[in-house]
**Q** 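Below you'll find the structure I mean.
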Amino acid sequence: MAVWALGINHTTAPLDMRGRFAFATEAMEPHLKALRQSISRTHEAAIVSTCNRTEIYCAGDESALEQTLDWLAQSGGVSANELRSYTYRLEGDQAARHAFRVASGLDSMVLGEPQILGQLKDAVRAADAAGALGTTLSQLFQRSFAVAKEVRTSTEIGAHSISMAAAAVRLSGQLFEDLAKVKVLFVGAGEMIELCATHFAAKNPQTIAIANRTLERGEKLASRFGAEVMRLADLPDRLHEFDAVVSCTASTLPIIGLGAVERALKKRRYRPMFMVDLAVPRDIEPEVKKLEDVYLYTVDDLAGVVQTAQANRQAAVAQAEAIVDAGVQSFMHWIDQRGSVPLIQQLNAQADQWRAIELARARKALAKGEDMDAVLEALSRGLTQKMLHGAMAELHAGDAHARERASTAIQHFFLRKER
């Protein structure tokens with residue numbers, strides 16, 4: 001069984017390229033169906049899509065990396081040759097190692113962050129619901145979750161890093177002297193916005209507002225922070241009211257344009273605005289960054305902020321990598337064993353057939369009133385003869401080489417001491 005992975009992430013592709021390959025987890029089924037049809041319906045597949053990465057994991061009788069690359073390129077509207085330079089393509093133990101490192105937070109922009117594990121589990125649930133998971137990928141991901149748990153409980157991998165949400169607060173603190181006087185707007189109501197709102201709320205800003213496409217979800221999040229809720233449609237008219245704007249939605253197109261920000265700045269008499277766009281694809285048009293009184297940061301801009309205390313993390317990273325290596329070896333051993341499954345099934349079926357024949361013969365003898373000890377003796381002799389018939393036939397073969405091979409095998413399987 002072949003296992004392979006193909007992906008792009010924050011280290012291999014710029015933000016706008018990654019934005020072409022963002023897949024919504026809740027709408028993953030048609031994408032998985034199209035992917036499997038393009039390579040083979042019998043192949044297993046899962047797609048992981050976050051702010052920082054889009055990765056495809058597959059398993060099948062033989063690797064289909066090129067077909068997988070072609071499908072991803074087509075889905076993003078670029079040529080396979082163009083996409084190739086941004087991707088990493090992994091097979092076998094390298095694919096498994098990558099999955100385990102991703103789950104453990106070792107491959108994240110924020111080293112050791114736990115959010116990726118939840119995102120990976122969501123992707124696995126989506127693949128399972130779409131009928132795209134099989135035994136091999138299920139094993140791969142379940143083992144990756146186990147490795148991630150061991151890494152987090154046995155090492156301090158996340159102890160010396162800060163989250164993207166905390167980085168946003170830290171950056172805002174560099175612009176505003178007193179966050180208690182800042183009015184903050186969050187656009188979206190997903191997990192990342194919830195994390196950011198939690199960090200900002202700890203600084204007790206003057207006001208917090210949440211703009212979301214659906215009021216119900218926005219109200220649920222707002223109730224936790226005593227925040228105001230507004231419709232996304234009201235955003236252009238009210239943007240000028242806020243000093244800090246943090247956006248992370250699943251929109252495929254920008255929802256805050258250059259014109260809207262220019263109008264907001266004019267109404268604010270050009271008091272500075274702090275903006276963070278954590279969405280992939282972008283929520284805020286990139287041209288906004290050129291405005292003199294706007295400080296706009298994307299997920300890639302936050303990379304330098306979150307990569308702190310590197311020296312303190314080295315020991316934890318080494319421990320985590322050792323745990324990952326052990327997990328990879330265990331998974332590859334399981335993969336190797338899978339090749340013997342058909343033979344094991346055939347052997348069990350043959351043994352069951354022999355047993356059924358001898359049991360039927362014994363029951364007939366007992367029904368005729370034959371002595372039980374004699375029936376049991378005949379049963380055991382019949383089973384023994386059937387089990388040894390093939391070995392005996394090989395030992396009596398005319399070919400000397402065949403007899404030698406049979407002798408070695410028989411000594412190994414029947415005459416070895418118990419281990």
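Index from 1, following the sequence.
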**Q** Which ring pair (Phe, Tyr, Trp, His ring centres under 6.0 Å) pairs, counting each pair once, include a residue from residues 104-127, with sequence neighbours left out?
**A**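 As it turns out, there is no ring pair (Phe, Tyr, Trp, His ring centres under 6.0 Å) pair with a partner in residues 104-127 once direct neighbours are skipped.
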**Q** Can you pull out every ring pair (Phe, Tyr, Trp, His ring centres under 6.0 Å) where at least one residue sits in residues 38-62? Sequence neighbours excluded, please.
**A**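 Non-adjacent pairs meeting ring pair (Phe, Tyr, Trp, His ring centres under 6.0 Å): Trp4-His43, Tyr57-Phe141.
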**Q** Looking only at the side chains, is there a donor atom on one of Asn81 and Ser79 sitting less than 3.5 Å from an acceptor on the other?
**A**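 No, no side-chain donor-acceptor pair sits under 3.5 Å.
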**Q** Are the side chains of Lys33 and Glu29 in contact, using a 4.5 Å heavy-atom criterion?
**A**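 They are not in contact (no side-chain heavy atoms under 4.5 Å apart), so the answer is no.
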**Q** Mark yes or no for whether Thr155, through its side chain, and Val151, through its backbone, hold a donor-acceptor pair below 3.5 Å.
**A**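 Checking the backbone N and O of Val151 against the side chain of Thr155, a donor-acceptor pair under 3.5 Å is found.
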**Q** Are Arg338 and Thr136 linked by a side-chain donor-acceptor pair shorter than 3.5 Å?
**A**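 No, no side-chain donor-acceptor pair sits under 3.5 Å.
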**Q** Of Val324, Asp325, Leu106, which is the lone residue that meets side-chain contact (heavy atoms from CB on, under 4.5 Å) with Phe100?
**A**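 Only one option passes, and that is Val324.
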**Q** Taking atom types as modelled, is there a side-chain donor on Gln67 or Ser38 under 3.5 Å from an acceptor on the other?
**A**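 Gln67 vs Ser38: no donor-acceptor pair found between side chains.
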**Q** Walk me through whether Trp71 and Ile39 qualify under side-chain contact (heavy atoms from CB on, under 4.5 Å).
**A** CA-CA 8 Å; Trp71 178 84; Ile39 51 177; 5.9 Å; no
**Q** Taking 4.0 angstrom as the limit, do Glu358 and Arg361 come out as a salt bridge?
**A**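 Judged by the 4.0 Å cut-off on N to carboxylate O distance, Glu358 and Arg361 do form a salt bridge.
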**Q** With respect to Phe200, which candidate in Phe186, Phe242, Phe176 satisfies the ring pair (Phe, Tyr, Trp, His ring centres under 6.0 Å) definition?
**A**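 Running ring pair (Phe, Tyr, Trp, His ring centres under 6.0 Å) over Phe186, Phe242, Phe176 with Phe200 returns exactly one hit, Phe186.
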**Q** Take Asn9 and Thr11 through the side-chain hydrogen bond (donor to acceptor under 3.5 Å, both in side chains) test and state the conclusion after the steps.
**A** CA-CA 5 Å; Asn9 66 18; Thr11 64; 2.6 Å; yes
**Q** Decide yes or no for Ile8 and Arg53: does some side-chain heavy atom of the first lie under 4.5 Å from some side-chain heavy atom of the second?
**A**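 No, side chains not in contact.
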**Q** Salt bridge between Arg405 and Glu394, side-chain N to carboxylate O under 4.0 Å?
**A**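 Salt bridge between Arg405 and Glu394, a charged N being under 4.0 Å from a carboxylate O: no.
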**Q** Is it true that Gln139 and Thr135 share a donor-acceptor pair across their side chains at a distance under 3.5 Å?
**A**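 Short answer, no.
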**Q** Could you check whether Asp107 pairs with Arg101 (Lys NZ or Arg NE/NH1/NH2 to Asp/Glu carboxylate O, under 4.0 Å)?
**A**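 Yes, charged N to carboxylate O under 4.0 Å.
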**Q** Could you tell me if Asp283 and Thr249 have a donor-acceptor pair between their side chains, going purely by distance under 3.5 Å?
**A**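 Short answer, yes.
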**Q** For Tyr295 and Gln174, does a side-chain donor sit closer than 3.5 Å to a side-chain acceptor?
**A**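 Per modelled atom types, Tyr295 and Gln174 side chains form no pair under 3.5 Å.
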**Q** Any carboxylate oxygen within less than 4.0 angstrom of a Lys/Arg side-chain nitrogen, looking at Glu219 and Arg224?
**A**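 Between Arg224 and Glu219 there is no salt bridge, as every charged N stays at least 4.0 Å from the carboxylate O atoms.
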**Q** Does any pair with a residue in residues 295-305 pass salt bridge (charged side-chain N to carboxylate O under 4.0 Å, His left out), and if so which ones, sequence neighbours excluded?
**A**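 Found Arg18-Asp300, Lys289-Asp301.
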